[in-house]
J.: 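Following this message is one structure expressed as structure tokens.
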Amino acid sequence: MKKSKKLLSGVFTLALAGALALSGCAGKNAPAATPGTNTGGDKGNQTDQKSDGFQFGDTPFNFTYYVNYDWWTTEPWGASPNSKWVQDNLHVTVEPIQSGGAAAQKLSTMIASKELPDAMMMDRGPDVERLRQAGALVPLDDFIDKYPNLKKWAGEETLNMLRSPDGKIYQFPNWFTAAPTGNDGWFVNKKIYEELGRPKLETFDDLHAYLKKVQETHPDLIPLEVGREGQGVEVMFAGFANDHPSQFSYMKAFTQGDKLVTIYDNDAYKETMTFASQLFREGLITQDALTQKEDQVKEKLATGRVAVFVGGNATNLGREGHNALRSSDPTAGYEFIWPLAKPGVDKNKIYPNGYNALGWNVNVITTNAENPEAIFAYLDWMTGEEGQRIMFFGPPGSYWDEVDGEGAPVPNDKWFSTPQEEKDKEKLEAYVWAGNATYVDTTKSKIEANLPEEQRNWGAVAQLNVAWKTSHNNTQFNNIDPAPDTDEGVILQQVNDIAKEYFGKMLFAKNDSEVLSLIESAKKETNSLGYDKVLDFRTNVWQENLAKMSGK
């Protein structure tokens, strides 16, 4: 899978934060967070730092922070209620360093100039190992034993999966989880769907017939929106065979017995691309699928110009579009549906979503940091109960004033009276860098279950009812890609470039025969590069992961 895509789909659980986005201004009398101090009216379990660790508030500290993604812009510190609360109460200030839309080049420049930031968010895998081998990362093992939250919530098994070849842990996971997560899937424009009689939408045949009907009756609409870079086609793949998670399509490989083999030999992939190309030729898929940006997708959804959506980050994109439409028309909005499938495929074996116990990505602390322990202490505080309450749901005194016996925030009147689109503007999720999906998802589920139906959050309901029920455990595929500076890593980059090129060609193909011919050409071209060496490498790591997960 392309990493940038996976962030927003599959295991992309950062988007979970947008599902409730409970924010607001910190209460003026909110106490500072110090060891043993309850800052959120907590009646439940409290896990602050141990008394022999770094003391928040005693020594104000700053650190620089960089997020290694082209599409990410780190928000200004203190601009949101949660970061302002941290600044005022924990006396922590963060100085963002931006990628400028060119993350790979930016990281390479910082490495070459030896001007790395104090801490970074990035994908697990090759880039982390490149930094570790260069001696640029701080091992976290001593800190993990000294501070309680990461070890408590992630667990030994998950942490062991993060160990580098030298046996040490350099990565602090973001959005680790003990249960299925995910945001990918399908939703329909509710008003259009009802107007056209709510026809059955279970199979791809049903979909084709419905899209044709939309095209005939509403020529101004986009029948099927597939999101940024045609991502929805990858999500669609999961419905063409039992037990074929979209992960296979993203990583251009699938499991066959005890080996990983090229996706170009996969029948479900061939059917997916043939079907997608047909829809594209017939004008049923948005024609700017390969060039549009995320903001363009959001604008289409917010203005109701989409009849059906399939893609990554669907629960959040749908929520934002749903709320925008309902703000002007209470009868409008979107409806999240069960993923569609080829006839004969078991609906309970379709996995457009994937989750990894290790979560989305990781934070690393570099040897440039003057006080690496303070940075770890902050991340550990954030991933604990108090940190998740304040950073995800907003500071105490905003949309909640107290917690229940299990430490979950209890919504107050402002929570219910403030429109979701207003809450979204607070951008709390942008500051959650050490997400704890187990705590957040459990809390969200409890909150939503206790709300009247008309007050439930669209995105959270979509997750609970569909997205998380159609999520595959992809932990076994963790860290299977070779380092970019190895022979296998160079080959993989070439394979990915070719896959992207051929993906576009397949969509634009004149007929089904041309699609199949292009798949064969892609197979020959990638095989000629030595893709078998990459697949052998991935297979070995995959088997090692399976052994770790089974306790062998």
Side-chain angles (χ1 to χ4, degrees), residues 15-34 37-48 75 78-90 315-316 319-320 322-324 326-327 330 333 381-432 434-464:
L16 288 173
L20 289 182
L22 304 174
S23 57
C25 299
K28 292 182 180 178
N29 298 320
T34 54
T37 297
N38 183 334
T39 64
D42 189 1
K43 298 176 183 176
N45 297 326
Q46 180 68 27
T47 53
D48 291 310
E75 298 292 330
S80 69
N82 52 0
S83 64
K84 184 68 165 61
W85 189 95
V86 169
Q87 191 172 47
D88 292 345
N89 292 278
L90 303 189
T315 63
N316 289 294
R319 171 181 53 82
E320 292 180 15
H322 178 82
N323 292 335
R326 287 180 63 85
S327 65
W381 170 83
M382 186 190 297
T383 212
E385 295 173 32
E386 180 180 79
Q388 291 296 285
R389 278 197 302 274
I390 292 171
M391 300 306 289
F392 187 93
F393 296 101
S398 54
Y399 293 95
W400 61 277
D401 302 303
E402 59 181 2
V403 299
D404 64 18
E406 297 178 345
V410 178
N412 58 22
D413 291 341
K414 188 177 178 182
W415 182 325
F416 300 116
S417 63
T418 304
Q420 186 63 46
E421 57 266 27
E422 291 301 313
K423 296 173 185 174
D424 291 343
K425 293 177 183 177
E426 304 285 3
K427 295 185 177 180
L428 293 188
E429 69 273 14
Y431 299 87
V432 182
N436 177 343
T438 302
Y439 174 83
V440 168
D441 290 349
T442 300
T443 302
K444 283 167 53 178
S445 299
K446 180 189 299 185
I447 291 170
E448 291 301 319
N450 291 327
L451 290 177
E453 186 172 350
E454 66 275 9
Q455 293 179 343
R456 291 177 182 172
N457 180 279
W458 189 94
V461 172
Q463 290 172 325
L464 292 169

J.: Only one of N412, D413, T418 clears side-chain contact (heavy atoms from CB on, under 4.5 Å) with W415; which?
T.: N412
J.: Heavy atoms only: give me the nearest T383-N436 pair and the separation to one decimal.
T.: O-ND2, 3.0 Å
J.: What's the separation between atom CD in E75 and atom CG in L428, rounded to the nearest 0.5 Å?
T.: 11.0 Å
J.: For the residue pair Y431 and M382, what are the closest heavy atoms and their distance?
T.: O-CE, 3.7 Å
J.: For W85 and W381, take the angle between the two ring planes, folded into 0 to 90°, and tell me which bin it lands in: parallel under 30, tilted 30 to 60, perpendicular over 60.
T.: parallel
J.: Minimum heavy-atom separation for E406 and E385, please, with both atom names.
T.: O-OE1, 4.4 Å
J.: To the nearest 0.5 Å, what is the distance between CH2 (W458) and CD (Q463)?
T.: 10.0 Å
J.: At their closest point, which heavy atom of S83 faces which heavy atom of G78, and how far apart are they?
T.: OG-N, 3.0 Å
J.: Looking only at the side chains, is there a donor atom on one of N316 and R319 sitting less than 3.5 Å from an acceptor on the other?
T.: yes
J.: Does V86 reach the side chain of M391, with side-chain heavy atoms less than 4.5 Å apart?
T.: yes
J.: Look only at the side chain of R389 and the backbone of P409, and say whether a donor-acceptor pair between them is shorter than 3.5 Å.
T.: no
J.: State whether the side chain of T315 and the backbone N or O of A462 hold a donor-acceptor pair below 3.5 Å, judged by distance alone.
T.: no
J.: For residues V410 and V403, report the shortest heavy-atom separation together with the two atoms involved.
T.: CG2-C, 3.8 Å
J.: Evaluate the salt bridge (Lys or Arg N to Asp or Glu O under 4.0 Å) criterion for residues K423 and E426: first the C-alpha distance (whole Å), next the side-chain angles of each, then the deciding distance (0.1 Å), finally the verdict.
T.: CA-CA 6 Å; K423 296 173 185 174; E426 304 285 3; over 6 Å; no
J.: Answer yes or no: is there a donor N or O on one side and an acceptor on the other, between the side chain of S327 and the main chain of A324, under 3.5 Å?
T.: yes
J.: Nearest 0.5 angstrom please: K444 NZ to K446 NZ, how far?
T.: 14.5 Å
J.: Minimum heavy-atom separation for A408 and T443, please, with both atom names.
T.: CB-CG2, 3.8 Å
